[in-house]
Trainee: 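The structure is given below, and queries will be raised subsequently.
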Amino acid sequence: MCNRYRLAADTHAILIAMGAEPLGEHDRLPPPEVFPKRLGWIVRHAGARRVTEPICWGFPPPAGASGPVTNVRNLFSPFWRSALANPAQRCLVPATGFCEWEGSAGQKRARWFSVPAQPVFAFAGIWRQSDNGGVFAMLTCEPNALVAPIHPQAMPVILHPSDYGHWLDGAPAEALAAPFPADQMALAA
């Protein structure tokens, strides 16, 4: 599952790409490499506005589990069902690339995927408030032909810009949780 991504763009480029405005102060971006338990930007609705804000990547785990839950794979799980059904808990997760690991233990190599036609693109995500502030997770789906040889289990759900509003307004999650076209993505050498 994707547990590392990049957002290596300036504030203006992110706001333009997401059709959003900042919520609160945005004088400091989170680091460009985002890992679980660290800050990443989300885009969500605040009334009639689409706003950005930095919150922590990873939902608190269900009872008996350890570590944050960063990826939503089973869209019908009771753990995710209410968040997915509530448009107020949906978000976009802006990114410029994501990483999957290739190779055997001790020789793993980071492989970076991007969407060249969209220097800043968005993953489908959900968010909520926790005891320690806002948290988010991103949806995953079957991998496309570019990602599958490196990570055959899943890839993040990358939304087409024309679907950003549909996702935030509550279109059925299963309708948008599909692999992004492999021919519109690139793999860094």
Trainee: Looking at side-chain heavy atoms only, is the closest gap between Val51 and Arg44 below 4.5 Å?
Mentor: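 Heavy-atom side-chain distance check passes, below 4.5 Å.
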Trainee: Taking the side chain as every heavy atom from C-beta outward, state whether Val34 and Arg6 have any pair of such atoms under 4.5 Å apart.
Mentor: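 Counting from C-beta outward, Val34 and Arg6 never come under 4.5 Å.
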Trainee: Quick one: list whatever passes side-chain contact (heavy atoms from CB on, under 4.5 Å) with Ala177, sequence neighbours left out.
Mentor: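 Here the qualifying residues are Leu75, Leu139, Val157.
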Trainee: Do any side-chain atoms of residues 127-137 form donor-acceptor pairs under 3.5 angstrom with protein atoms, and if so which ones, sequence neighbours left out?
Mentor:
residue: Trp127; atom: NE1; partner: Ala88; partner atom: O; Å: 3.0
residue: Gln129; atom: OE1; partner: Gly134; partner atom: N; Å: 3.4
residue: Ser130; atom: OG; partner: Asn132; partner atom: N; Å: 3.2
residue: Ser130; atom: OG; partner: Gly133; partner atom: O; Å: 2.7

Trainee: Could you tell me whether the side chain of Arg50 and the main chain of Met18 form a donor-acceptor pair under 3.5 Å?
Mentor: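 Flag set: sc Arg50 to bb Met18 pair under 3.5 Å.
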Trainee: So, taking the atom named CZ in Arg109 and the one named CD1 in Ile150, what distance separates them when rounded to the nearest 0.5 Å?
Mentor: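 Nearest 0.5 Å value for the CZ-CD1 distance: 8.0 Å.
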Trainee: For Ala20 versus Val43, what's the shortest heavy-atom pair and its separation?
Mentor: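 Closest approach of Ala20 to Val43, heavy atoms only: CB-CG1, 3.9 Å.
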Trainee: Would you say the side-chain atoms of Trp57 pair up with the backbone N or O of Thr70, donor to acceptor, closer than 3.5 Å?
Mentor: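 Yes, the answer is positive, given that a donor and an acceptor are paired below the 3.5 Å cut-off.
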Trainee: Measure the shortest side-chain to side-chain distance between Gln184 and His160 over non-hydrogen atoms and say whether it is less than 4.5 angstrom.
Mentor: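 The answer is yes; the side chains approach within 4.5 Å.
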Trainee: Output all residues satisfying side-chain contact (heavy atoms from CB on, under 4.5 Å) with Ser114, sequence neighbours left out; order by chain, then residue number.
Mentor: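 Checked Ser114 against side-chain contact (heavy atoms from CB on, under 4.5 Å); matches are Pro116, Ala186.
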Trainee: Are Ile158 and Gln118 side-chain neighbours, meaning at least one heavy-atom pair lies under 4.5 Å?
Mentor: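 They are not in contact (no side-chain heavy atoms under 4.5 Å apart), so the answer is no.
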Trainee: Minimum heavy-atom separation for Val120 and Pro94, please, with both atom names.
Mentor: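 For Val120 versus Pro94, the nearest heavy atoms are CG1-CB, 4.2 Å.
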Trainee: To the nearest 0.5 Å, tell me how far Trp41 CH2 sits from Ile55 CD1.
Mentor: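 Going from the CH2 atom of Trp41 to the CD1 atom of Ile55 covers 12.5 Å.
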Trainee: Checking the side chain of Asp163 only, and the main-chain atoms of His166 only, is there a donor and an acceptor separated by less than 3.5 Å?
Mentor: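 Such a contact is absent between Asp163 side chain and His166 backbone.
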Trainee: Look up atom CD1 in Ile14 and atom CG in Leu7, then write down how far apart they are to the nearest 0.5 Å.
Mentor: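 Result: 4.0 Å between the selected atoms.
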Trainee: Do Pro32 and Thr96 touch side chain to side chain, with heavy atoms closer than 4.5 Å?
Mentor: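 Pro32 vs Thr96: side chains apart.
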Trainee: For the atom pair NZ (Lys108) and CD (Glu100), what is the distance rounded to the nearest 0.5 Å?
Mentor: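 Between atom NZ of Lys108 and atom CD of Glu100 there are 10.0 Å.
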Trainee: Do you reckon Leu176 sits in the same ILVMFWY cluster as Ile126, going by side-chain contacts under 4.5 Å, direct or chained?
Mentor: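 Yes, because Leu176 and Ile126 connect within a single hydrophobic cluster, where side-chain heavy atoms sit under 4.5 Å apart.
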Trainee: Check whether Asn71 reaches the backbone of Arg73 with its side chain - one donor and one acceptor, N or O, closer than 3.5 Å.
Mentor: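 Flag not set: sc Asn71 to bb Arg73 has no pair under 3.5 Å.
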Trainee: Taking the side chain as everything from C-beta on, heavy atoms only, tell me whether Pro22 gets closer than 4.5 Å to Leu15.
Mentor: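 SC-SC contact between Pro22 and Leu15 confirmed.
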Trainee: Is there a side-chain contact between Lys37 and Pro68, using heavy atoms and a 4.5 Å cut-off?
Mentor: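 Lys37 reaches Pro68 side chain to side chain.
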Trainee: Between Phe180 and Phe121 (judged by ring centroids, cut-off 6.0 Å), do the two rings come close enough to count as a pair?
Mentor: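 Distance test on ring centres: not under 6.0 Å, no.
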Trainee: Closest approach of Leu84 and Ala173, non-hydrogen atoms and distance?
Mentor: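 Heavy atoms only, the tightest pair is CD2-CB, 4.2 Å.
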Trainee: Can you name the closest pair of heavy atoms from Val69 and Pro62 and give their distance?
Mentor: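 That closest heavy-atom pairing would be CG2-CD, 3.8 Å.
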Trainee: Rounded to the nearest 0.5 Å, what's the gap from OG1 on Thr11 to CD1 on Ile16? Could you check?
Mentor: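 So the OG1 of Thr11 and the CD1 of Ile16 are separated by 11.5 Å.
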Trainee: Return the minimal non-hydrogen interatomic distance between Pro179 and Pro143, and the atom names on each side.
Mentor: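 Pro179 and Pro143 have their closest heavy atoms at CB-C, 4.3 Å.
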Trainee: Looking at Asp169 and Pro87, what are the two nearest heavy atoms and their distance?
Mentor: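 Heavy atoms only, the tightest pair is O-CG, 3.6 Å.
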Trainee: So which of Phe123, Trp112, Phe98 actually passes ring-ring contact (aromatic ring centres under 6.0 Å, His included) with Tyr5?
Mentor: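 So the option named by the test is Phe123.
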Trainee: CD1/Ile42 to CZ/Arg90 distance, rounded to the nearest 0.5 angstrom?
Mentor: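 Reported to 0.5 Å precision, the distance equals 14.0 Å.
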